[in-house]
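What follows is one structure encoded as structure tokens, with my remarks underneath.
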Amino acid sequence: MSENQHPTARSIPHSRPHSHCSSCGAAYGEGVLGWPRTCPACGTVAYRNPLPVAVALQPAYDTRGTGLVVVTRTIAPARGGTALPGGYIDDREDWRRAVVRELREETGIEAAARDVRLADAMSSPDGHLLLFGLLPERPVKGLPRSGATDETEGWHLLRRPAELAFPLHTLAVRAWFEGRYV
């Protein structure tokens, strides 16, 4: 059961997410749409907040120049697409720790949360808030070899701006290559 699902929702046949008050369990009814919404039974106002996502911008260099670490995804959404390492911020997790955790989980690259600085914050049309954390530039020779993870085929360097699997990743990559995140 997700943390946003009311405990009784599992036992209600054909229940829809967010169809019942999280305080008293009463159904909102057909006429209650959009956010915020007020429970007709207890008066509690419920809000639907954005889902925060931490995304790593890890520059790395070799004899061919400097690029950004990207991954090829093996999970939905955007399976097979190229993306920056990133994912949801866990409950009570500092966003900087989420950046380095996602980088490690998707690439094997270790980094320190204290070295992450906010490069950008963008909101997607579907309600996600993306926090782009910029890490210090590193030599490729000091990074672990690329290998498959639970979510990726491995990592490689993106050496010029390109269309990525997620539009906001594309915007952030373009901004980094244009020098807007220095």
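Atoms considered below: every heavy atom in the structure, side chains included; atoms not considered: hydrogens, waters and symmetry mates.
Using a 4.5 Å cut-off between side-chain heavy atoms of Ile, Leu, Val, Met, Phe, Trp and Tyr, with links allowed through other members, Tyr181 and Leu103 fall into different hydrophobic clusters. Each of Ile109 and Leu68 belongs to its own hydrophobic cluster when Ile, Leu, Val, Met, Phe, Trp and Tyr are linked at side-chain heavy-atom distances under 4.5 angstrom. Cluster annotation: Leu158 is not connected to Leu143 through the hydrophobic network of ILVMFWY side chains, with a link wherever side-chain heavy atoms come within less than 4.5 Å. Linking ILVMFWY side-chain heavy atoms closer than 4.5 Å, directly or via other members, places Val100 and Trp155 in a single hydrophobic cluster.
The heavy-atom pair separating Ala54 from Trp95 by the smallest distance is CB-O, 4.0 Å. Between His169 and Leu84, the closest heavy-atom pair is ND1-N, 3.1 Å. Across Leu164 and Ala83, no two heavy atoms sit closer than the pair CD1-CA, 4.5 Å. Of all non-hydrogen atoms in Val69 and Ala60, the two that sit nearest each other are CG2-CB, 4.4 Å. Across all their heavy atoms, Val32 and Thr38 have their closest contact at CG1-O, 4.4 Å. The two residues Gly67 and Phe177 make their nearest non-hydrogen contact at CA-CZ, 4.4 Å.
Around the CG atom of Asp126, the shell of radius 6.0 Å holds more than 12 heavy atoms that belong to other residues, nucleotides or ligands. Within a 6.0 Å radius of CD in Glu30, other residues, nucleotides and ligands contribute 12 heavy atoms or fewer.
Side-chain atoms of Ser124 and Phe166, non-hydrogen and from C-beta on, never get closer than 4.5 Å to each other. Within the 4.5 Å cutoff, the side chain of Pro59 has heavy atoms near those of the Trp176 side chain. Side-chain contact between Leu118 and Leu134 is absent, with no heavy atoms from C-beta onward closer than 4.5 Å. Side-chain contact between Val71 and Thr107: present, with at least one pair of heavy atoms (C-beta onward) separated by less than 4.5 Å. Pro36 has its side chain within reach of Tyr47: a pair of non-hydrogen atoms, C-beta onward, lies under 4.5 Å apart. Side-chain atoms of Arg37 and Val45, non-hydrogen and from C-beta on, never get closer than 4.5 Å to each other. Between Cys39 and Ser23 the shortest side-chain heavy-atom distance does not fall below 4.5 Å.
None of Leu130, Leu131, Leu168 except one satisfies the side chain to side chain contact (heavy atoms under 4.5 Å, CB included) rule with Val55; the exception is Leu130.
Side-chain atoms of Gln58 come within 3.5 Å of backbone atoms of Pro136 as a donor-acceptor pair (strictly under, hydrogens ignored). Side-chain atoms of Thr152 never come within 3.5 Å of backbone atoms of Ala148 as a donor-acceptor pair (strictly under, hydrogens ignored).
Here the two rings, on Tyr88 and His128, have centers that are under 6.0 Å apart.
One distance of note links CZ of Arg92 with CZ of Arg97; it measures 15.5 Å at 0.5 Å rounding. Here CG of Leu171 is found 5.5 Å from CE of Met122. Values are rounded to the nearest 0.5 Å. Here CD of Glu163 is found 7.0 Å from CZ of Arg174. Values are rounded to the nearest 0.5 Å.
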Test log, rule salt bridge (Lys or Arg N to Asp or Glu O under 4.0 Å), inputs Arg101 and Asp90: CA-CA 10 Å; Arg101 177 183 50 77; Asp90 291 337; 3.6 Å; yes

CA sep, side-chain torsions, deciding dist, call: Leu157, Val140, side-chain contact (heavy atoms from CB on, under 4.5 Å): CA-CA 9 Å; Leu157 282 187; Val140 171; 3.5 Å; yes

Full working for side-chain contact (heavy atoms from CB on, under 4.5 Å) between Glu105 and Thr149: CA-CA 7 Å; Glu105 288 175 0; Thr149 70; over 6 Å; no

Trace of the side-chain contact (heavy atoms from CB on, under 4.5 Å) decision for Asp62 with Arg159: CA-CA 11 Å; Asp62 59 14; Arg159 298 194 179 267; 2.6 Å; yes

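Not counting sequence neighbours, Arg73 has no partner by the side-chain hydrogen bond (donor to acceptor under 3.5 Å, both in side chains) test. Under the side chain to side chain contact (heavy atoms under 4.5 Å, CB included) criterion, Thr74 pairs with Glu153, not counting sequence neighbours.
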